[in-house]
There are 2 protein chains.
Amino acid sequence: MSDAKIRTMEEFAAVSGISRPTLSKYFNDPASVRKSTRARIEAAIERFGYRPNIYALNQNRKQTRNIGILVPYLADPFFAEMARHVEAVVIAAGYRPILLSSHGDPAQELENLDSLRDIRPAGVLLAPLGRRSDAERVRAFCEEVTTVLFDCSVEGAGEAFVGSDNDQSVGLIVDRLCDTGEPPAFFEMRDPSNPNALKRREAYARAMTRRGLEPMYVRAEGTGWDFEEVGFRGGLEAIARRRLPTDTVLCSNDRLAIGFLAAAYEKGLRVGRGPGCALRVAGHDDHPFARYTCPRLTTVAQDYEAIARKSAETLLSLIRDDSRAASREVALFGGRLVERASA
Amino acid sequence: MSDAKIRTMEEFAAVSGISRPTLSKYFNDPASVRKSTRARIEAAIERFGYRPNIYALNQNRKQTRNIGILVPYLADPFFAEMARHVEAVVIAAGYRPILLSSHGDPAQELENLDSLRDIRPAGVLLAPLGRRSDAERVRAFCEEVTTVLFDCSVEGAGEAFVGSDNDQSVGLIVDRLCDTGEPPAFFEMRDPSNPNALKRREAYARAMTRRGLEPMYVRAEGTGWDFEEVGFRGGLEAIARRRLPTDTVLCSNDRLAIGFLAAAYEKGLRVGRGPGCALRVAGHDDHPFARYTCPRLTTVAQDYEAIARKSAETLLSLIRDDSRAASREVALFGGRLVERASA
DNA sequence: GTTGAAAATTTACGCGCGTAAAAATTTGCT
DNA sequence: AGCAAATTTTTACGCGCGTAAATTTTCAAC
């Protein structure tokens, strides 16, 4: 920091007394030079504050150290949390995360894929929009770029998929709800754009059938990513028209549940499992806000960190081996029951 | 898309029948070539699917078209929304947003600043962590890179600052609360790391004094970014120990209010302004979830979109004029009262 | 059909770094 | 001290594109 700014590796070689090719080796992989040399280089870096030009670097390297992270909707705290954990792993491994959000828009998702192509990432972690994704182009993208999908799968796309085991997690909470009161009706969007929603619907049906019970559905109209609003309106309507077949409601996800709880409150229905409660409500995901609903939301927690870590590490190992995985690996994580006051 | 992949501009020049310098001009600014030429180029792009190498581009251009966006905590929907709006403006102007989050960590913020330096952005939109930011290094960064601060200011840093007019917005809601019931006590973190919190505290004091009232404070312990938790615990304690001097609470921000409402619910206190209500609670920001609390939160809305747009546009015009603004421009946006059920 | 300005082409060099090959140096070991 | 192996240095070229200068072509207006 003391002397005039060093702008190029050439200049840095001059002042540090180390040849440029050796410096280049060092910046590619510090472990590839002798320890004494490394020490000298690092001292010089400290002293002159030199950092290689990242564009020249990426232009000439066969592989960049960029990792693309594309999520469908970053304003959803679920994905924000996911991205946060993924980033941490990626950075720790010495890569540079590039975070992109499609903001719920399929066109934006395609633009983001192009954008990612442009930066020639070493790999991409992709949580697709779901049913509204252009599956064909997602697959085409995955052909070109080493990609691991998470949260939501697209048939035949990506070297691997890491998601949640909806069968396990939904089974868990259905069983619990049945054991402690009336069996739950399933509250969901009529036309969900996320495949997880469909899997949960089916998982719910199986869990009920397994117990010899008839599945019951309560459906909310609405599209897009404003789930709370959909849950709220759907909840208001279901309550007003007495469309709730039991006193227990299992929501397809926590954001719907948050809206539903607001509706119940609005309608003066007391939610909870105590006496004097008219309704039990449960969710799915353990959304960051689930613990601050009124009452606090019973739900089944996804292990954000585990899913994020597994996704990132799978991608990183694919990158290191440069192996376009022989078979498409699928890893599903089970949920953990989180019993709070709402059910 | 039909023919073999074109990899370089040279190749693209050959197949498109247009000289490379002209192509270069076009990619720098499509309007700088004759209309007929532009049409031919665009037809060829369509046909061959060529896109210039972004690294070579950025290495050689004097200025990249990257715009850095650095927020303190992306898992906070407030900043997620902010980022979303900012991104839209930046993209529309033909720039490429690079979104970074410090995840509440000052060390990460410094790393992010270095990271941004590396990509030589045309400009940066920076929402600092606040009091925990390394002000000296933030200023140093702003010396090097054209930067507009938003949401939270750092003394003497950045060409401009765009934020909210806390005096106006807090005054608005204090007046309203006073007009419709008991004057509010101010609920806040004892040791807030965000300067807005301090400004709101002062604004509250002024608003109360103006009415000849004594300011009343209720303070919650806790640090970090888990505001809901702080609000919840602080709320539980304040209620348990009867530390609420009036029946009306104005929270320093909506996330605290969300926690406080959860605490009130837990304690069986009915919140709202109707008869039978023990407490009125209001917030500040119109957080995306404020409309789904129980009861729905009365608050004062920040105009996310306006702040985002103004920030981005200020930066873009600074970039275009290449003018290191003569004086540090400050733009403050007023709030809009959003009366819902909680107060 | 001329003319002059505007636009495109030709030619050539530079950006900062990766990397290959050959030569020189350092290192660890006997 | 002597030797082979490991490491570094020297030298040189390439990556894909920006851009300057000189030249040629195109265009619009007379």
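Letters go in sequence order (proteins before strands), and every chain restarts at 1. What you are looking at is a predicted structure, and each value in this text was computed from that prediction instead of being measured.
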Discussion item. Taking 4.0 Å as the cut-off, does a side-chain nitrogen or oxygen of B:Asn58 come that near to OP1 or OP2 on D:dG18?
Written reply: no
Fill in: Atom pair distance, as rounded to whole Å: CG in B:Leu23 and C1' in C:dA7
14 Å
Worksheet entry | Atom pair distance, as rounded to whole Å: CZ in B:Arg20 and C1' in D:dC17 | 6 Å
Practice prompt. Can you tell me the distance, in whole Å, between the CD1 atom of A:Ile6 and the P atom of C:dC17?
Written response: 11 Å
Worksheet item: Within the pair A:Tyr55 and C:dG18, is there a side-chain N or O less than 4.0 Å away from OP1 or OP2?
Response: no
Worksheet entry | Atom-to-atom span, CG of B:Asn28 to P of D:dG16 - whole angstrom | 19 Å
Fill in: Whole-Å distance separating the OH atom of B:Tyr26 from the P atom of C:dA7
17 Å
Worksheet item: If each of B:Arg34 and B:Arg61 is mapped to the nucleotide of DNA chain D with the nearest heavy atom, which maps nearer the 5' terminus, i.e. the 5' end?
Response: B:Arg61
Discussion item. Taking 4.0 Å as the cut-off, does a side-chain nitrogen or oxygen of A:Lys62 come that near to OP1 or OP2 on D:dC15?
Written reply: no
Fill in: d(CZ, B:Phe27; C1', D:dT19) in whole Å
16 Å
Worksheet item: Below 4.5 Å, heavy atoms only, C-beta onward: do B:Ser16 and B:Ile41 meet side chain to side chain?
Response: no
Practice prompt. Grab the CD-P distance between A:Glu10 and C:dG14 for me, whole Å please.
Written response: 14 Å
Worksheet item: Is any side-chain nitrogen or oxygen of B:Ser19 closer than 4.0 Å to OP1 or OP2 of C:dT9?
Response: yes
Worksheet item: Does the ring center of B:Phe27 lie less than 6.0 Å from the ring center of B:Tyr50?
Response: yes
Worksheet entry | Candidate nucleotides D:dT19, D:dT7, C:dG18, ranked by approach to the side chain of B:Pro21 - the nearest | D:dT19
Discussion item. When you measure from the side-chain N and O atoms of A:Thr37 to the phosphate of D:dT8, is any distance below 4.0 Å, counting only OP1 and OP2?
Written reply: yes
Item to complete: For ring-ring contact (aromatic ring centres under 6.0 Å, His included), just list the numbers for B:Tyr73 and B:Phe78, CA-CA rounded to whole Å, side-chain angles, deciding distance to a tenth of an Å, and then say yes or no.
Response: CA-CA 9 Å; B:Tyr73 201 77; B:Phe78 172 82; over 10 Å; no
Discussion item. Output the rounded distance in Å from NZ (A:Lys35) to C1' (C:dG28).
Written reply: 14 Å
Worksheet item: Does a side chain donor of either A:Thr22 or A:Arg40 reach within less than 3.5 Å of an acceptor in the other side chain?
Response: no
Worksheet item: Are B:Glu109 and B:Ser133 linked by a side-chain donor-acceptor pair shorter than 3.5 Å?
Response: yes
Practice prompt. Ignoring backbone atoms, establish whether A:Ser24 has a side-chain N or O less than 4.0 Å from OP1 or OP2 of C:dT19.
Written response: no
Discussion item. Any donor-acceptor pair, under 3.5 Å, between the side chain of B:Asn60 and the base of C:dG16, if you only look at N and O atoms?
Written reply: no
